[in-house]
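It should be emphasised that the depicted structure is a prediction, and the values quoted were computed from it without experimental measurement.
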Amino acid sequence: MMGLKDSYGLLLFTLSLICTSWAFTPGFNYGSDKVRGVSLGGWLVLESWITPSIFDNTGDFRIVDEYTFGQYQDHTKAFAVLQAHWDSWITESDFRDIAAAGLNHVRIPIGYWAFDVSGGEPYIQGQYPYLERAVSWAEKYGLKVIINLHGVPGSQNG
């Protein structure tokens, strides 16, 4: 079993691979151009204040965050709910609309558990293909992406 330090190192390595696999080139003059962006919160990291219906629909008062979402219900059922959410919360048309509105950046929060649950956490995985898709859509519509590691092992969001 990997320790916390090992998991964090694996996560940083994975994120570095994401950047290199997408041939990171900023193509944006951060010294003078204005960043105009929007956060895609509530998509790849659940938060009860953004998507309360996902939690309310479980009927289980113990389910208050993404950790307990995977902890207190059947994995198959939880995955199906999350997959339906990931498929519909943010779509390619959102990226098109964001660009059409004159914005140039999207912030995508994602938790470490999208990459590693080797510590036995009950998180449901499956977010990574959606992150890849989002980066492709952003590239298609000329948007820059800020990947926000929104939860790390041992944090309030992880």
> Cut-off 3.5 Å, side chains only: do Ser53 and Asp56 have a donor facing an acceptor?
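Their side chains do not contain a donor-acceptor pair, so the 3.5 Å distance test is not met.
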> Over all heavy atoms of both residues, which pair between Ile108 and Leu44 is shortest? Give the atoms and the distance, please.
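Residues Ile108 and Leu44, closest heavy atoms: CG2-CD1, 3.8 Å.
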> What is the minimum heavy-atom distance between Ser32 and Asn29, and which atoms define it?
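In terms of heavy atoms, the two residues are closest at OG-ND2, 2.9 Å.
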> Hey, what do you get for CH2 (Trp86) to CD1 (Ile124), rounding to the nearest 0.5 Å?
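If we round to the nearest 0.5 Å, Trp86:CH2 and Ile124:CD1 are 7.5 Å apart.
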> To the nearest 0.5 Å, tell me how far Leu82 CG sits from Leu46 CG.
5.5 Å
> Could you give the distance from CZ (Arg36) to CG (Asn104), rounded to the nearest 0.5 Å?
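That separation rounds to 7.5 Å.
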> Please report the shortest heavy-atom distance between Glu66 and Phe55, naming the atom on each side.
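Smallest heavy-atom distance, with atoms named: N-CE2, 4.2 Å.
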> For residues Val64 and Tyr72: do they belong to one hydrophobic cluster (side chain heavy atoms under 4.5 Å, members Ile, Leu, Val, Met, Phe, Trp, Tyr)?
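Not linked; separate clusters.
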> Measure the spacing between OH of Tyr141 and CD1 of Ile98 and express it to the nearest 0.5 Å.
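Those atoms lie 11.0 Å apart.
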> Would you sort out whether Asn148 and Arg107 count as a side-chain contact (heavy atoms from CB on, under 4.5 Å), showing the intermediate values?
CA-CA 7 Å; Asn148 168 235; Arg107 173 183 169 265; 2.7 Å; yes
> Using only atom types and a distance under 3.5 Å, with no angle test, would you say the side chain of Thr58 pairs donor to acceptor with the backbone of Ile54?
no
> Taking a hydrophobic cluster as the set of Ile, Leu, Val, Met, Phe, Trp and Tyr residues connected by side-chain heavy atoms closer than 4.5 Å, whether directly or through intermediates, do Phe69 and Phe61 fall within one such cluster?
no
> Heavy atoms only: give me the nearest Phe28-Lys34 pair and the separation to one decimal.
CZ-O, 3.4 Å
> For residues Trp113 and Gln125, report the shortest heavy-atom separation together with the two atoms involved.
O-NE2, 2.9 Å
> Is there a side-chain contact between Tyr130 and Gln83, using heavy atoms and a 4.5 Å cut-off?
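Sidechains of Gln83 and Tyr130: in contact.
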> Return the minimal non-hydrogen interatomic distance between His85 and Gly42, and the atom names on each side.
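The pair with the smallest heavy-atom distance is NE2-O, 2.6 Å.
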> Any chance you could measure Thr51, atom OG1, to Trp89, atom CH2, to the nearest 0.5 Å?
6.0 Å
> Is the backbone of Ser88 close enough, under 3.5 Å, to the side chain of Thr91 for a donor and an acceptor to pair up by distance?
no
> Going by distance alone, is a donor N or O of one side chain under 3.5 Å from an acceptor N or O of the other, for Ser118 and Asp116?
yes
> For ring pair (Phe, Tyr, Trp, His ring centres under 6.0 Å), just list the numbers for His105 and Tyr30, CA-CA rounded to whole Å, side-chain angles, deciding distance to a tenth of an Å, and then say yes or no.
CA-CA 12 Å; His105 282 70; Tyr30 287 98; 5.5 Å; yes
> Hey, what's the ring geometry for Tyr123 with Tyr67, parallel, tilted or perpendicular (30° and 60° as the breaks)?
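Perpendicular, since the angle between the ring planes exceeds 60°.
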> Among the clusters formed by ILVMFWY side chains lying less than 4.5 Å apart, do Leu103 and Ile146 turn up in the same one?
no
> In Å, rounded to the nearest 0.5 Å, how long is the span from CD of Gln71 to CG of Asp60?
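Those atoms lie 10.0 Å apart.
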